Amino acid sequence: MNYWLMKSEPDAFSIDDLKKKGQEHWDGVRNYQARNYMRDGMRVGDKIFFYHSNCAEPGIVGIAEVATEAYPDASQFDPKSNYFDPGASHDKPRWMLVDVKFVKKLKRTISLKELQAEPALAEMPLVKKGNRLSVMPVSAADWRHIVGME
DNA sequence: GCCAACGTTGGC
DNA sequence: GCCAACGTTGGC
């Protein structure tokens, strides 16, 4: 099993939204590396840290699970969508997504500030300066370490 | 709202 | 294939 971290802006889609819905397709990823992680790396049952970005207290707020294999993101075909991509076609979809299932909400937010302060996590891409990936792998050791911080 | 970092686009 | 311009992300 692999571990992941996925970022979402709580104004757009928060851990509470996921809790309410139970499961959601993770649409709108328009970055090749993030897409490749979803398409090639994720398997059903993999665990995900749900991360809130672009907000008052950025950090990990919950745990989710990969619920489906990757499949084409329908929003790329919709001219009315913000995520429309004129370069994509049904024959040759460019963007893929997975469905994500709610597992639990953490009792508290493990803030980015705390994560950055942990020497053990210094190699996580998340805490590196300038990192903008919205989907990234987490090592098993880092996963255990972070779970222990709750 | 600012701005640094970074990815993508497009002219050449 | 280079690289400047541009757009986006995301912490602060």
Side-chain angles (χ1 to χ4, degrees), chain A residues 2-21 23-42 46-66 70-139 141-143 145-150:
Chain A
N2 291 311
Y3 300 98
W4 307 93
L5 181 141
M6 296 174 95
K7 296 180 184 173
S8 184
E9 302 191 14
D11 285 349
F13 189 72
S14 71
I15 186 72
D16 291 318
D17 293 328
L18 183 62
K19 183 176 185 180
K20 210 174 302 169
K21 299 201 79 167
Q23 186 169 324
E24 182 67 301
H25 23 270
W26 201 269
D27 66 3
V29 171
R30 294 293 180 269
N31 170 284
Y32 288 105
Q33 204 176 347
R35 177 205 67 185
N36 293 348
Y37 283 136
M38 288 199 289
R39 185 188 62 190
D40 307 328
M42 286 190 180
D46 284 359
K47 292 287 196 294
I48 303 162
F49 281 135
F50 195 108
Y51 178 93
H52 280 175
S53 66
N54 230 332
C55 56
E57 192 185 28
I60 295 168
V61 293
I63 292 175
E65 193 178 298
V66 177
Y71 61 95
D73 180 343
S75 65
Q76 70 192 301
F77 308 125
D78 178 3
K80 290 191 290 294
S81 168
N82 286 335
Y83 302 127
F84 177 63
D85 183 346
S89 68
H90 282 85
D91 287 345
K92 279 196 154 190
R94 186 176 284 174
W95 305 109
M96 307 287 280
L97 56 72
V98 298
D99 283 13
V100 162
K101 187 165 69 179
F102 178 80
V103 174
K104 70 168 194 166
K105 195 174 163 178
L106 298 189
K107 290 193 275 295
R108 66 183 196 87
T109 299
I110 301 174
S111 70
L112 176 61
K113 203 178 289 182
E114 287 175 76
L115 296 168
Q116 287 168 333
E118 293 286 316
L121 303 177
E123 291 308 308
M124 273 191 93
L126 179 72
V127 304
K128 299 227 167 141
K129 192 177 176 187
N131 174 65
R132 290 166 38 192
L133 256 191
S134 62
V135 177
M136 67 184 79
V138 175
S139 74
D142 288 352
W143 179 275
H145 187 92
I146 293 167
V147 164
M149 291 169 69
E150 184 182 355

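Quick caveat: nothing in here was measured; it's all calculated off a predicted structure. The sequence lines fix the lettering, A, B, ..., with proteins before strands; numbering per chain opens at 1.
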Distance (rounded to the nearest 0.5 Å) between A:Leu121 CG and A:Leu126 CG: 9.0 Å
Parallel, tilted or perpendicular: ring planes of A:Tyr37 versus A:Trp4, cut at 30 and 60 degrees: tilted
Nearest-angstrom distance from the residue atom CG of A:Leu126 to P of C:dG10: 10 Å
Phosphate OP1/OP2 of C:dT9 contacted by A:Tyr51 side-chain N/O (<4.0 Å): no
Nucleotide C:dG10, atom C1' - distance to CD of A:Glu9 in whole Å: 8 Å
A:Asn31, nearest nucleotide to its side chain (from B:dG7, C:dG11, B:dC6): B:dG7
Check: C:dT8 base within 3.5 Å donor-acceptor of A:Arg132 side chain: yes
Residue whose closest nucleotide on DNA chain B lies nearer the 5' end, A:Asn54 versus A:Gly130: A:Asn54
Whole-Å distance separating the CG atom of A:Asp85 from the P atom of B:dT8: 12 Å
Nearest-angstrom distance from the residue atom CE of A:Met136 to P of B:dC6: 13 Å
Given DNA chain B, 5'-ward residue of the pair A:Lys129 and A:Arg94, judged by closest heavy atom: A:Lys129
Interatomic distance where CG belongs to A:Leu112 and P belongs to C:dT9 [whole Å]: 18 Å
Atom-pair distance (CG on A:Asn36; P on B:dG7), nearest Å: 13 Å
Side chain to side chain contact (heavy atoms under 4.5 Å, CB included) assessment of A:Ile146 paired with A:Glu118: CA-CA 9 Å; A:Ile146 293 167; A:Glu118 293 286 316; over 6 Å; no
Residue pair A:Trp95, A:Tyr71: steps toward the ring-ring contact (aromatic ring centres under 6.0 Å, His included) verdict: CA-CA 8 Å; A:Trp95 305 109; A:Tyr71 61 95; over 10 Å; no
Salt bridge (Lys or Arg N to Asp or Glu O under 4.0 Å) partner of A:Asp73, chosen from A:Arg39, A:Arg30, A:Arg35, A:Arg94: A:Arg30
A:Arg35 CZ to B:dT8 P, straight-line distance once rounded to whole Å: 10 Å
Under 4.0 angstrom between A:Lys7 side-chain N/O and C:dG10 OP1 or OP2: yes
Spacing of A:Tyr32 atom OH relative to C:dT9 atom P, expressed in whole Å: 15 Å
